[in-house]
Amino acid sequence: MTSVLRPLLRIKAGLKLCRSRSVFEHSFVLPRQLTGTSSMAMAQQKSIMNYFKASPKKDGAAKASTAASTATPAEAGTSVADDLSEKDFDPSSDSYHPINDAIWRKGEKTPYLALAKTFEKISAESKRLEIIKTMTNFFRSVMLLSPEDLPKCLYLSLNKVAPAWEGIELGVGDRIVTKSIVAATGFTEKKLAEMKTRLGDTGAVAAECRSKQRTLVAPKKLSVEKVFQKFIDISKTSSKGSEAKKIEIIKGLLADSQPVEARFIVRALKGNMRMGLAETSALIALANAAILSPPGHQGKHRVTKTADSRAEEFIQAVNIMKRGYNEHPNYDTIASALAKGGLPEVERRCKIKPGIPVKPMLAHPSKGIEALLERLGDLAFVSEYKYDGERAQVHRDDKGKITVFSRNQEDHTSKFPEVVKRLPKHANEGITSFILDTEVVAFDVINKTILPFQVLTTRKRKNVEEGDVKIQVCLYAFDIIYLNGESLISMTLRNRRELLHEHFSTTEREFMFATHEESNDPEKIQEFMNKAIEDKCEGLMVKALDRAYEIDKRSNNWLKLKKDYLDTVGDSLDVAIIGCYKGSGKRVGTFGSYLCAVYDKDKEEFQSLCKLATGFSDEQLETFTAECKELIIPKPLNNYRCNLVPDYWLTPKLVWEIKGADLSISPVHTAGIGKQDPAKGISLRFPRLMHVRTDKNPEDANTGEDVVRMYRAQAAVQGNKKPFNDDEDDDY
DNA sequence: GATGCCTGCCC
DNA sequence: ATTCTGC
DNA sequence: GCAGAATGGGCAGGCATC
């Protein structure tokens with residue numbers, strides 16, 4: 001029915017506005033080179049295979065059905081009107097015209113409905129090129145019709161309200177969202193929980209509530225500007241009574257929203273858009289939009305039937321956007337520059353500058369030295385200790401102002417006053433400005449030894465005075481990105497390191513260079529890794545020496561090697577599965593995580609060790625879900641000692657081998673409780689599934705004793721400079 | 001004032 | 001953080 | 001191999017509630 005109505009509506013709207021349009025003057029196809037991945041043949045074969053093994057749980061299918069199920073009530077709820085906003089809006093169409101097919105006119109505010117419908121289309125699609133095309137079309141319309149909304153559209157698409165370093169938080173999570181939906185729609189929390197189980201997404205819950213709700217008054221139309229402003233209002237709400245105020249604001253938004261709008265408002269508030277488009281794709285879409293519909297361009301929209309002929313232009317545009325964003329990760333700047341002056345303006349304004357964080361280079365895990373060497377090929381490389389602390393990008397601008405940024409561009413300057421104070425003395429004479437890449441590590445200055453990450457996390461975070469500092473830190477510098485007014489990101493690591501060592505001086509216990517070694521002999525690397533672990537590091541970072549710090553080209557250009565990545569070592573444990581949790585998103589309909597326990601033989605009880613949510617394939621997830629459904633019990637067994645309450649308790653039957661990086665004293669888990677700590681148990685950092693153990697009974701799982709023994713072995717390594725190899729025979 | 005839940009952000 | 005998956 | 005999604009432990013800080 002809708003499919004019959006849609007063309008009619010479109011024709012009607014088209015006639016009313018006396019617009020003519022040509023299908024050919026604006027269609028375009030993205031060049032394949034943009035992603036440069038699999039061949040057509042492979043893609044086709046894969047899609048055929050998917051068809052045959054298709055199950056309702058497959059992501060694509062789940063996405064499609066979600067879209068279909070909510071599109072209908074959304075359409076049904078609206079009446080046929082002459083209003084543009086009631087027109088069908090489909091930016092995923094190949095023949096989308098950024099002006100004629102938009103549902104708002106030049107100079108009008110961008111309707112939030114248009115953005116939400118764009119999200120809806122994107123959510124229903126799994127092909128990246130299609131997703132980018134859809135987003136591109138929406139951005140083209142915004143650039144042409146309401147360019148001042150572009151930054152807000154970008155923020156709302158990517159789920160932010162301000163640059164990370166401004167420290168603006170919504171302070172909205174599950175609880176506040178749920179209460180707001182209750183307030184706005186009248187559904188009970190219990191009912192909402194049921195819907196959440198079925199739909200796997202609170203956004204979808206909100207949409208369904210709105211579509212079932214009878215409204216007497218036609219809701220006001222939401223604009224992108226208004227929604228964004230409300231988010232800002234929420235972020236500014238604080239202190240006593242703020243929760244109620246936030247709920248009131250969200251309630252107001254939901255009251256004015258159509259189902260599809262409610263869906264994405266809620267997803268944004270929850271901090272998870274999960275539509276298959278995130279930062280990188282949004283930047284690509286912006287770049288494409290800038291080429292197809294440059295700012296101020298009002299004439300014909302350029303024909304790009306043979307995309308390959310313009311591939312180079314697209315690639316250049318994407319490079320400019322990515323580079324601009326990585327050097328100046330601010331949506332306001334990049335989007336307003338683009339809207340105002342196109343790509344050249346982005347190039348002008350988005351440049352690396354001390355005081356503004358740069359996106360940091362990241363590393364890929366590597367399974368072992370052989371894999372690592374293979375990946376590096378003939379490239380020369382250096383290995384460095386991988387310190388277990390917190391990434392710190394330390395800036396000094398030409399006025400001497402020091403700023404410290406976290407890995408995610410948060411401003412942590414006020415967290416490390418002593419670091420800020422003493423930093424100038426580590427820079428040699430003549431240094432005016434710089435950006436250093438470092439790891440802050442908790443340091444025992446008396447015993448001159450590195451302390452575990454968990455110690456570092458206990459430091460105060462806000463408004464720290466030098467006198468407050470109880471946990472000392474040492475900075476380990478490993479890279480330099482900017483020096484004396486010049487960007488070094490195009491320089492090789494070899495040369496950057498030279499500059500770092502040349503222009504900075506170490507101070508014991510305060511500022512050191514990351515310990516490193518330049519050997520490509522596997523045995524030497526293994527020794528170096530052992531030494532790193534003896535020295536309380538996580539393992540090694542391995543970096544090609546002749547590569548630039550160009551994260552727009554390859555953000556994961558470094559490799560990391562940790563002992564728990566190796567199959568032969570690491571804390572591996574056999575655990576009983578005693579509970580499970582309902583999955584959401586792509587895990588809807590399955591159990592998305594599992595509660596793991598060890599068996600304490602003395603006390604004859606199961607004690608929780610950790611939850612587990614990774615390491616299994618989608619197929620295993622299905623299997624586990626089916627298995628667990630047979631094991632559900634109404635309440636925990638008497639011999640379960642567990643502070644957490646899973647969605648479902650299970651009879652102990654399944655035994656899985658899991659692995660983690662470290663053991664930690666836990667505030668919630670109970671494994672080995674009373675043995676290492678009188679009231680606390682032990683848990684596992686970075687738990688993941690390794691194998692299913694069909695050969696073991698739950699009582700044969702590892703014990704609380706085992707966990708404590710492993711914890712002590714690890715503590716011994718951490719405390720006494722014993723090589724980790726010494727304990728291996730005991731544990732494995 | 002103490003306690004405990006929620007949120008954001010480290011890993 | 002770790003891991004899996006479609007492209 | 002990229003990009004994205006779904007999920008882990010555990011801390012401080014903020015707010016609600018007792």
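Computed over heavy atoms, backbone and side chain alike; hydrogens, waters and symmetry mates excluded. Quick note on labels: first sequence line is chain A, next is B, and so on, each numbered from 1.
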> Let's see if you can work this out: which of D:dA3, B:dC11, B:dC9 has an atom nearest to the side-chain heavy atoms of A:Arg391?
B:dC11
> Below the 4.0 Å mark, does C:dT2 have OP1 or OP2 next to a side-chain nitrogen or oxygen of A:His364?
no
> Would a distance-only check, ignoring hydrogens and angles, find a side-chain to backbone donor-acceptor pair under 3.5 Å from A:Arg175 to A:Gly173?
no
> If you check every side-chain atom of A:Lys462, which of B:dC11, D:dG13, C:dT3 has the closest atom?
D:dG13
> Between A:Ala164 and A:Glu243, which residue's closest nucleotide on DNA chain B lies nearer the 5′ terminus?
A:Glu243
> Tell me which nucleotide among B:dC9, D:dG4, D:dG1 gets nearest to the side chain of A:Arg375.
D:dG1
> With a 4.0 Å cutoff (strictly under), does any side-chain N or O of A:Ser617 reach OP1 or OP2 of C:dT3?
no
> Is there a side-chain contact between A:Tyr565 and the phosphate of C:dT3, meaning an N or O under 4.0 Å from OP1 or OP2?
no
> State whether A:Ser593 places a side-chain N or O below 4.0 Å from either non-bridging phosphate oxygen (OP1 or OP2) of D:dT7.
no
> Can you check whether A:Gln454 has a side-chain N or O nearer than 4.0 Å to OP1 or OP2 of D:dC11?
yes
> Return yes if the base of D:dT7 and the side-chain atoms of A:Thr614 contain a donor-acceptor N/O pair under 3.5 Å, otherwise no.
no
> Select base, sugar-phosphate, or nothing to describe what A:Gly271 touches, counting heavy atoms under 4.0 Å on all strands.
nothing
> Under 4.0 angstrom, heavy atoms only, what part of the nucleic acid is A:Tyr581 near: base, sugar-phosphate, or nothing?
nothing
> Can you find a donor-acceptor pair, distance only, under 3.5 Å between A:Arg461 side chain and D:dC11 base?
yes
> Could you tell me how far apart A:His412 (NE2) and B:dC11 (P) are, to the nearest whole angstrom?
8 Å
> Expressed in angstrom and rounded to an integer, what is the separation of A:Glu390 atom CD from D:dG9 atom P?
20 Å
> Kindly point out which of D:dA5, B:dG8, B:dC11 is positioned nearest to the side chain of A:Leu170?
B:dG8
> Less than 4.0 angstrom between a side-chain N/O of A:Ser666 and OP1 or OP2 of D:dG10, yes or no?
yes
> Nearest heavy atom decides the nucleotide; on that basis, is A:Ser242 or A:Ser664 closer to the 5' end of DNA chain D?
A:Ser664
> If we ignore angles and hydrogens, is there a donor and acceptor under 3.5 Å between the side chains of A:Lys611 and A:Ser593?
no
> Nearest-Å distance, CD (A:Glu130) to C1' (C:dG6)?
14 Å
> It should be established whether A:Arg587 places a side-chain nitrogen or oxygen under 4.0 Å from OP1 or OP2 of nucleotide C:dC4.
no
> If I take atom CG in residue A:Leu663 and atom P in nucleotide D:dG8, what distance separates them, rounded to the nearest angstrom?
18 Å
> List the atom pairs, with distances to 0.1 Å, where a side-chain N or O of residues 548-557 of chain A and a protein N or O form a donor-acceptor pair under 3.5 Å, not counting sequence neighbours.
{"residue": "A:Tyr549", "atom": "OH", "partner": "A:Met361", "partner atom": "N", "Å": "3.1"}
{"residue": "A:Tyr549", "atom": "OH", "partner": "A:Asp437", "partner atom": "OD2", "Å": "2.6"}
{"residue": "A:Glu550", "atom": "OE1", "partner": "A:Lys553", "partner atom": "NZ", "Å": "3.3"}
{"residue": "A:Glu550", "atom": "OE2", "partner": "A:Ser490", "partner atom": "OG", "Å": "3.2"}

> Looking at every non-hydrogen atom in both residues, tell me the closest pair between A:Leu154 and A:Ala282 and how far apart they are.
CD1-CB, 4.1 Å
> Just compare B:dT7, D:dG13, D:dA5 and give me whichever is closest to any side-chain atom of A:Ile176.
B:dT7
> Between A:Asn326 and A:Lys322, is there a donor-acceptor pair closer than 3.5 Å when you use the side chain of the first and the backbone of the second?
yes
> Figure out the CD1/P separation between A:Ile234 and B:dG8, and round it to whole Å.
11 Å
> Counting side-chain heavy atoms from CB outward, which of B:dC11, B:dC10, D:dA16 is closest to A:Glu410?
B:dC10
> Please determine if a side-chain N or O atom of A:Lys562 lies less than 4.0 Å away from the OP1 or OP2 oxygen of C:dT2.
yes
> Will you find, in the side chains of A:Lys582 and A:Thr197, an N or O donor that is under 3.5 Å from an N or O acceptor?
yes
> For A:Leu684, report the nucleic acid contact type (base, sugar-phosphate, nothing); a contact means any heavy atom under 4.0 Å.
sugar-phosphate
> Counting just side-chain N and O atoms, does A:Lys560 come under 4.0 Å of either OP1 or OP2 of C:dT2?
yes
> Taking the side chain of A:Arg175 as its heavy atoms from C-beta onward, which of D:dG10, B:dT7, B:dC9 lies nearest to it?
B:dT7
> More 5' along DNA chain D: A:Lys460 or A:Gly592, using each one's nearest nucleotide?
A:Gly592
> For the aromatic rings, using the six-membered ring if either is Trp, is the centroid distance between A:Phe591 and A:Tyr648 under 6.0 Å?
yes
> Do the side-chain N or O atoms of A:Lys322 get closer than 4.0 angstrom to the phosphate oxygens (OP1, OP2) of D:dA3?
yes
> Measuring from the side chain of A:Phe453 (C-beta onward, heavy atoms only), which nucleotide among B:dC10, C:dT2, D:dG10 has the closest atom?
B:dC10
> Using a heavy-atom cut-off of 4.0 Å across all strands, would you classify A:Gly241 as base, sugar-phosphate, or nothing?
sugar-phosphate
> Check this one for me: any side-chain N or O of A:Arg128 less than 4.0 Å away from OP1 or OP2 of C:dG6?
no
> How long is the line joining CG of A:Asn408 and P of B:dG8, in whole Å?
14 Å
> Rounded to the Å, how far apart are A:Leu566 CG and C:dT2 C1'?
15 Å
> Does A:Asp174 reach a base, just sugar-phosphate, or nothing at all? Heavy atoms under 4.0 Å.
sugar-phosphate
> Report yes if a side-chain nitrogen or oxygen of A:Arg274 is closer than 4.0 Å to either non-bridging phosphate oxygen (OP1 or OP2) of D:dA6; otherwise report no.
yes
> Between A:Gln620 and A:Ser617, is there a donor-acceptor pair closer than 3.5 Å when you use the side chain of the first and the backbone of the second?
yes
> Just to confirm, is there a sub-4.0 Å distance from OP1 or OP2 of D:dG1 to any side-chain nitrogen or oxygen of A:Asn556?
no
> Begin from the C-alpha positions of A:Lys270 and A:Thr202 and carry the test side chain to side chain donor-acceptor pair (under 3.5 Å) through to its verdict.
CA-CA 8 Å; A:Lys270 290 204 47 183; A:Thr202 313; 3.2 Å; yes
> Are A:Lys127 and C:dC7 close enough that a side-chain N or O sits under 4.0 Å from OP1 or OP2?
no
> Side chain of A:Thr458 only, heavy atoms from C-beta on: which candidate in D:dA5, D:dC11, C:dG6 is closest?
D:dC11
> Rounded to whole angstroms, how far apart are NZ on A:Lys415 and P on B:dC9?
12 Å
> Look at all strands and tell whether A:Ile665 reaches a base, only sugar-phosphate, or nothing, counting heavy atoms closer than 4.0 Å.
sugar-phosphate
> For the side chain of A:Thr280, starting at C-beta, report the closest nucleotide among D:dA16, D:dG10, D:dG4.
D:dG4
